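Take a look at the structure set out below.
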Amino acid sequence: MKKYILSIDQGTTSSRAILFDYDGHICSIAQREIECLFPHRGWVELDALGIWVSVIDVVNEVLVKANVTMDSVDSIGITNQRETSIVWDKKTGLPVYHAVVWQSRQSADICDRYEDKKELIHKKTGLLINPYFSASKIRFILDHVPNGQKRAENGELLFGTVDSWLIYKMTKGKVHATDATNASRTMLYNINTNKWDDELLKLFNVPKAMLPKVCPSSYQYGVASFFSNKVKICGVAGDQQAALFGQTCFEEGESKNTYGTGCFMLLNTGSQPVLSKNGLLTTVAWQIGDKVTYALEGSVFVGGAVVQWLRDQMRMLHDAAESEKFAAEVKDTNGMYFVPAFVGLGTPYWDDDARGSAFGITRGTTKNHFIRACLEAIAYQCKDVFEIMKEETSGSLKNLKVDGGATKNKLLMQFQSDILKTDIMLPTCLETTALGVAYLAGLASGFYKDLAEIKSIHSYQAIFKPQMSTEVINQKYSGWLKAVEATRKFK
Ligand code: ADP
């Protein structure tokens, strides 16, 4: 019987299930939107049970669509929105509060209390103090549910990121576990010792009894007995790390960039965590057996979102694809720069207060120049991250593999290759997140023998080669840096 790997990709706005065959081809996809809740300004929550129900739905649908049963599923992989935190009652299996989503700012006040500990936290976790990460969210939940702290100390409550919550539900409460990539985003996990850190647990007053067991990303977690047939859960990783794996960035110096609403760049730094001086995060890329691989991570807040803005707010486009058509009608931006700092600037500037700005506009500037400047801005922001990564790893960065919605834009990809002076590789399967966790699951189940076998089936649909001279790159990029500097001064 033909066997498949079932990937569950649980994101902020939707849950998806994808069936992959041995060659990494997608055989069927099912998707359900999930509704975000905004109880107060800046708060973002999700109904944790709703997340679970949506996963049951998509798993059933993906099998029906492919006309197969669970018998055909070799193993299950789970990838998830990272940092989102859920606390549930051990007895009933019911959440005691909504899932607090990574974007939510509701624990910002809690984070303020730890400003003087930022160096300690950075050294131990590779993270910067920010409400994104789980520790302050757990603190928030325990402070906001009746007797939260006491019940947690009595061992009545359990914590998990979304992967952990789904494993718990799928195994009918038998397994309370997470993988090292997800653990590394909680701000309670020491990425040097690869253990929950007692000093951090004390600092955030989080009882150890409520934490899941940390396991490798490729590992037999247990049997998902919730569905009609019993299938093993064999792969778990946070979404960006799963994408790095799905892009087969197995070697030190290999990196990937996802061009979605924002952009996320991750670089494999091998078996040693590299601590950044420029605001990159250090994180676990994956753990296979005892071997932990680390990554540096940088983020651009506004990537493809600038194209949505051109379409919806500026009404310059009917659809995102038109951005390429208009930009291609001019050979350059005619000296114009656009800095899309709509919500501040991410790596390496970390400037919350900066706002969008345009420079170098003349009477000759046209809509086409403007659109091209917006696309180029995506590439320049990614170059800002790329250059820092190169610097901090002594130039070991080899190439860049890309995915995400905006990679459909060939002009953007060519410009990215030009401005980075680096090959840009676009894989055949763009669902790299789900594919990554399918690969991880397949490695643990024996579906794939080793990384070399995975490399041999992985293929690319396009490789963009740099064509711009160093002189032109320098001249263009120095203009961008001046535009960013001026943007940051205008407050
Ligand atoms: P997310 O996972 O963050 O929702 P996706 O990977 O689905 O993002 O990509 C959606 C983003 O890609 C949108 O911001 C959209 O504007 C952008 N996008 C889609 N097609 C194009 C295109 N042809 N050119 C430029 N941007 C595009």
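Here the structure is a predicted model, which is why all the values come from computation and not from measurement. One-based numbering, in listed order, for ligands and for the atoms of each.
Partners of Lys476 by side chain to side chain contact (heavy atoms under 4.5 Å, CB included), not counting sequence neighbours, listed by chain and number: Asp332, Tyr337, Tyr380, Phe415, Ile419, Met468, Val472. The side chain to side chain donor-acceptor pair (under 3.5 Å) check on Thr432 picks up Asp403, with sequence neighbours excluded.
Side-chain atoms of Ser164 and Thr178 form no donor-acceptor pair, as typed in the model, at a separation below 3.5 Å.
Protein heavy atoms are found inside the 4.0 Å sphere centred on atom 4 (O) of ligand 1. Checking atom 23 (N) of ligand 1 against the protein gives a heavy-atom contact under 4.0 Å.
The heavy atom nearest to atom 16 (O) of ligand 1, out of those in Gly303, Gly304, Cys374, is found in Gly304.
Contact atoms of ligand 1 toward Ala321: 23 (N) (distance under 4.0 Å to a heavy atom of the residue). Every atom of ligand 1 is numbered from 1 in the order shown, and the set under 4.0 Å from a heavy atom of Gly404 is 6 (O). Of all atoms in ligand 1, listed by their number and element, those nearer than 4.0 Å to a heavy atom of Ser323 are 24 (N), 25 (C).
Distances from ligand 1 to the non-hydrogen atoms of Glu324 include no value under 4.0 Å.
For atom 26 (N) of ligand 1, the closest heavy atom belonging to the protein is Ala406 CB, 3.6 Å. The shortest contact between atom 19 (C) of ligand 1 and any protein heavy atom is with Gly405 O, 3.6 Å. For atom 21 (C) of ligand 1, the nearest protein heavy atom (residue, atom name, distance) is Ala320 CB, 3.5 Å. Among all protein heavy atoms, the one lying closest to atom 1 (P) of ligand 1 is Thr261 OG1, 3.6 Å. Summary of contacts: the protein heavy atom closest to atom 8 (O) of ligand 1 is Gly260 CA, 3.4 Å.
The aromatic rings of Trp88 and Tyr168 lie tilted to each other, with the angle between the two planes from 30° to 60°.
Among Lys137, Glu45, His40, Arg41, the single residue meeting the side-chain hydrogen bond (donor to acceptor under 3.5 Å, both in side chains) criterion with Gln106 is Glu45.
Seen from the ring of Phe359, Lys482 does not count as a face-on cation partner, given the 6.0 Å and 45° thresholds. Within the cation-pi definition used here (under 6.0 Å to the ring centroid, within 45° of the axis), Lys410 does not qualify as a partner of Phe464.
Between Glu297 and Arg185 there is a salt bridge, with a side-chain nitrogen of the basic residue lying less than 4.0 Å from a carboxylate oxygen of the acidic one.
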